[in-house]
Amino acid sequence: MNEQVAALLREYAELTVITGGDVFRVRNYEKAARSIRGWPEDIAQLDLKALRAIPGVGASIAAKIAEFSQTGAIGALDELRAKIPPGVLELTRVPGLGPRRAMQLSRELGVQSVDDLAAAIKAGRLDGLAGFGAKSEERIASGIEVYRQGRERVLLDVALRTATAMVDELTPLSQRCAYAGSLRRWRETIGDIDILAAAGDSAPLMAAFSAGQEVVGSGPAKTTIRTASGLTADLRVVPLDAWGAALQYFTGSTAHNVAIRQIAIRQKLKLSEYGLFEADTDRLIVSRTEEEVYARLGLAWIPPALREDRGEIEAAAQGRIPGLVRDNDLRGDLHTHTDLTDGTASLEQMVAAARRRGYEYYAVTDHAPDLIMQRMTDEKMLAQRDQVRALGAGLELLHGTELNIGPDGSVDWEAGFLAGFDICVASVHSHFEQPRAEMTRRFVTACENPYVNVIGHPTTRRIGKRPPVKVDFGELFRACARTGTALEINASPQRLDLPSDQIRAARDAGVKFAIDSDAHSVSELGNMPYGTGTAQRGWLTPDDVINTWPLERLRAFLRKDR
DNA sequence: GCCGTTTTCGGCCCGACTGTTTTCAGTCG
C-alpha cells in the first residue's frame, strides 16, 4: 500500500503544479511521497498519530491516507483530476515542455495528447502562438521524439560504461574529472549521466564532450548532449577550488541537497555548487572537498549511496553514519554457475577467475533437477563435487547448488542428499503469480528447510521487464531472522534483488545478507560492485553480509544450528 | 502543506541555459 499511496501523492503534486498551485505545497507532497515509499511499516496499519510521525506528513496528508485506507480513493485527488484538461499531464512528460506551456497548448489549441501536439506542429498551428517561436517548435518536436522512444532509464552497467568512457576522454583535458549524479549514488537505474570536471578554461572540455554528439544545450559552465543511444549526459565545469562543493551538489539527490541547504540557511550560510558562503557577505568559507563542506555544517561526510534524505543527515549530525560494506570487504562469491548447467564457462575457468579476483572462498552453485531444462542429475552433481574437491589450491571451494523453490515451498532434494552440500541457495523460478499469502507461505517453508542457507534473488524481478512477486516482506524477514537464512543481494544489473528499500527493512528485522554475482560467465563475476552499491543503499555494514566474514564464521552460519 | 537551535507564522535551495521577455519566465536538475 505504501507504493500505491506514494504514487497518488506524486500525482497530486504533479497535478497541483499544472493548476499553478503553490510550489511549496507541491514540494511537500513530493517529500511525503518519498518518505512513504521508503517507510518500513505498512502505512495501512498506522493510525493518524503514527502517520504524522512520517517526515512530510501532517494533518492534511495523514487524513488523505486514512481516507484512502477506508474508501480506496482520495476525494481531493479526484477533484483535481477533474479540473485538468485531458492530455495535459502527458504533455508535461515531453522534455522541454513544462506545466505552463502544456496548459497553454491545451487551452489555446485544444491539444489533448502528444500525438495531437505532433500533428499541430506539422500543421503549423503553433505559428504565432505567444511565447512559441521557431526554436521552441523545433525543441518541442525533438522532445516528442525523445518521449516516443520511451526515454527509459538505463541499467547501471550501461550507464557506468558510458560515464567511464566520458571520464576517460575528459581526464587528460582537465585538472579533475569524475561522474556524479545518481550513478555515483548507485541508484538501480539511471536517467541522465552527470560528469563533473575542474578546469581553468572550459572550452576544450566542452568541445571534446560535444564532438559528434547531438547538443541539447551549451554554455561556458554546462553542456548537455544526447548520445546515439538516446542517453542524456551533462558536463559541468567548475574551478578546481570549487571541486568539493560542486561534487556534493552534482551528486544529489535533490532531496538531500535541499535538506543540506536548509541546514546552511539556519546557520546564516549559503551553499551552492561554488562553495559554502556567508549569507550576508558572500564570503567564501569552504569549497575544496566534500568533507570540508559537510564538516562546516556540523555533519560527518555522508557516503553517496545514502544521500536520499532518508535519515542520513540526522545520522551524520549525531555521528551515527554506519561504516558501509565495500567491495574489498567481500571475501567470496556464494552464487555462481558453470557450463554443467546454464553457465558459459567451465568449472576450471570460473575457479581460475575467482582466484584472480583474490577471493578467499568461492561457491559453485549450479541448478538442481527441478528446473527440468537444466538436465541436472544426482550423478552429474556428485561428479562435479569430486571435481571441486580435487581443485581448490589457494582458494577454499564450497560445493553448493541453486535449488528451485516449488509452489509449495519444497525444494529439489531430500535432506539426505542436501546434507552433502556446503551451501544451498534456493530461489523462485516459476509460478510468479501466486497470491500473496501463498507466496509468503512458500518462502517461509523454504526458510524453515534446515539446508536452505540463502534465498536467491528474493523478489525475482527483472528491472523494467518483470515485476516483483507479491509477498509479505515483514513475515519473510522475520522467518529469515528466526531460521538463520540469509537473503541474497543479487548483483546482476538486471536484478539488483533484494532492492535497497527492502534491504534496509530486512536489516532492521535482524536479517543477514549474501552479496552474490549469480555469474553465468567469467565476466559476470565482475558484477559484484552493483551488489555492494545496492547493499550500501540499504545501509549495510560488513557485519550484515555473510560473505565478508572469515570462513569459519561463515561455515558456522551455514550449519543453521543443525 | 509542513514545521520550529530566532519562528505556532512566515518562511520554504540554488543556479545554468534558452528563447523572445526589452528585463525575465520557463524549464531543468
Side-chain angles (χ1 to χ4, degrees), chain A residues 9 12-13 16-18 20-33 35 51-65 76 91-105 128-140 142-143 146 151 180-182 185 190-196 202 206 215-225 232-238 242 245-246 248-277 279 282 297-298 309 313 317:
Chain A
L9 294 177
Y12 193 91
T16 303
V17 171
I18 291 170
D22 178 39
V23 292
F24 299 109
R25 232 175 93 219
V26 169
R27 194 174 292 166
N28 193 75
Y29 271 96
E30 287 169 346
K31 177 182 175 163
S35 301
L51 285 172
R52 295 188 59 175
I54 300 173
V57 177
S60 170
I61 293 180
K64 287 185 174 73
I65 295 170
L91 290 179
T92 64
R93 306 238 195 272
V94 173
L97 197 53
R100 296 294 181 101
R101 299 205 298 172
M103 273 302 270
Q104 189 188 353
L105 288 166
L129 199 60
F132 288 82
K135 286 281 183 67
S136 290
E137 234 174 83
E138 212 174 280
R139 204 176 160 79
I140 291 170
S142 117
V146 172
R151 196 166 189 267
S182 49
R185 303 199 312 277
I190 305 297
D192 301 293
I193 289 179
D194 289 295
I195 307 288
L196 177 66
S202 68
M206 297 309 188
V215 178
V216 178
S218 185
K222 172 182 172 180
T223 290
T224 303
I225 61 167
T232 301
D234 278 345
L235 170 64
R236 292 293 304 252
V237 181
V238 297
Q248 194 285 323
Y249 177 65
F250 294 116
T251 298
S253 62
T254 302
H256 175 88
N257 284 356
V258 168
I260 292 286
R261 286 174 183 213
Q262 278 167 347
I263 290 175
I265 289 168
R266 258 183 259 138
Q267 300 181 22
K268 297 216 180 302
L269 304 172
K270 185 185 74 171
L271 180 62
S272 77
E273 56 264 54
Y274 297 110
L276 186 61
F277 300 88
D282 274 348
L297 294 172
D309 192 20
I313 294 168

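These values consider heavy atoms only, across backbone and side chains, with no hydrogens, waters or symmetry-generated copies. Computed from a predicted structure; not experimentally measured. Per chain, numbering begins at 1; letters A, B, ... match sequence-line order.
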Participant: What distance, rounded to whole Å, do you find between the two C1' atoms, one in dG10(B) and one in dT6(B)?
Facilitator: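 About 13 Å, rounded to a whole number of Å.
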Participant: If you restrict it to nitrogen or oxygen atoms, what contacts under 3.5 Å exist between nucleotides 24-26 of chain B and the protein, and what is each distance?
Facilitator:
unit_1, atom_1, unit_2, atom_2, d
dG26(B), OP1, Arg100(A), NH1, 3.0
dG26(B), OP2, Arg100(A), NH1, 3.3

Participant: Could you tell me if Lys64(A) sits above the aromatic ring of Tyr12(A), with its cationic atom closer than 6.0 Å to the ring centre and no more than 45 degrees from the axis?
Facilitator: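 Judged by the rule (NZ or CZ under 6.0 Å from the ring centre, within 45° of its axis), Lys64(A) counts as positioned above Tyr12(A).
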Participant: Now, which nucleotide makes the Watson-Crick or G-U wobble pair with dA25(B), with each of the two distances under 3.5 Å?
Facilitator: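 Pair assignment: dA25(B) / dT18(B).
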Participant: Which residue lies toward the 5' end of DNA chain B, Val258(A) or Asp234(A), if each is placed at its nearest nucleotide?
Facilitator: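 Closest to the 5' end, via its nearest nucleotide, is Val258(A).
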Participant: Using whole Å, what does the distance between atom C1' of nucleotide dG11(B) and atom CZ of Arg266(A) come to?
Facilitator: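 Rounded to the whole Å, the gap is 12 Å.
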Participant: How far, in whole Å, is dT20(B) from dG26(B) if one measures between their C1' atoms?
Facilitator: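 Their C1' atoms lie roughly 12 Å apart.
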Participant: How many angstroms lie between CG in Leu297(A) and CD1 in Ile263(A), if you round to the nearest 0.5 Å?
Facilitator: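 Between atom CG of Leu297(A) and atom CD1 of Ile263(A) there are 6.5 Å.
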Participant: Where the side chain of Asp194(A) meets the backbone of Ala180(A), is there a donor-acceptor pair that is under 3.5 Å apart?
Facilitator: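 No, the answer is negative, given that no donor and acceptor are paired below the 3.5 Å cut-off.
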Participant: Between dC14(B) and dC9(B), how far apart are the C1' atoms? Round to whole Å, please.
Facilitator: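 Nearest-Å result for dC9(B) against dC14(B) at atom C1': 25 Å.
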Participant: Between dC12(B) and dT8(B), how far is it from one P atom to the other, in whole Å?
Facilitator: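 Approximately 16 Å lies between the P atom of dC12(B) and that of dT8(B).
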Participant: Using a cut-off of 4.0 Å on non-hydrogen atoms, how would the nucleic acid contact of Ala32(A) be classed: base, sugar-phosphate, or nothing?
Facilitator: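 No contact.
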Participant: Please say which of Leu196(A), Ile193(A), Thr224(A) ends up in a side-chain contact (heavy atoms from CB on, under 4.5 Å) with Asp234(A).
Facilitator: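 Considering Leu196(A), Ile193(A), Thr224(A), a side-chain contact (heavy atoms from CB on, under 4.5 Å) with Asp234(A) is found only for Thr224(A).
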Participant: To the nearest 0.5 Å, what is the distance between CE (Met103(A)) and OG1 (Thr92(A))?
Facilitator: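 Interatomic distance, Met103(A) CE to Thr92(A) OG1, rounded to 0.5 Å: 11.5 Å.
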Participant: Which letter, B, S or -, goes with each nucleotide of nucleotides 14-19 of chain B from 5' to 3', with contact meaning a protein heavy atom under 4.0 Å?
Facilitator: BSSSSS
Participant: Kindly say whether Asp192(A) contributes a backbone atom to a donor-acceptor pair with the side chain of Thr232(A) at under 3.5 angstrom?
Facilitator: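 Such a contact is absent between Thr232(A) side chain and Asp192(A) backbone.
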Participant: If you compare every side-chain N and O of Ser60(A) against the phosphate oxygens of dG1(B) (OP1, OP2), does one of them come in below 4.0 Å?
Facilitator: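 Affirmative; the distance criterion is met.
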Participant: Name the nucleic acid region contacted by Ile260(A), choosing base, sugar-phosphate or nothing; use a 4.0 angstrom heavy-atom cut-off, strictly under.
Facilitator: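 Contact class for Ile260(A): none.
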Participant: Heavy atoms only, 4.0 Å cut-off, all strands: where does Gln262(A) land among base, sugar-phosphate and nothing?
Facilitator: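 Contact class for Gln262(A): sugar-phosphate only.
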Participant: Please check if the side chain of Ser35(A) supplies one atom and the backbone of Pro55(A) the other of a donor-acceptor pair under 3.5 Å.
Facilitator: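 At least one qualifying donor-acceptor pair exists.
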Participant: On a whole-Å scale, what distance lies between the P atoms belonging to dG1(B) and dT5(B)?
Facilitator: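 Per the computed distance, 23 Å lies between those P atoms.
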Participant: Within the 4.0 Å heavy-atom criterion, would you say Val57(A) contacts the bases, only the backbone, or no part of the nucleic acid?
Facilitator: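 If one applies the 4.0 Å heavy-atom cut-off, Val57(A) turns out to touch the sugar-phosphate alone, with no base involved.
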Participant: Working to the nearest 0.5 angstrom, can you tell me the gap between Thr223(A) OG1 and Arg236(A) CZ?
Facilitator: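 Here the interatomic distance stands at 10.0 Å.
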Participant: Do side-chain atoms of Glu30(A) reach the backbone of Ala255(A) as a donor and acceptor pair under 3.5 angstrom?
Facilitator: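 Looks like no, no N/O pair under 3.5 Å.
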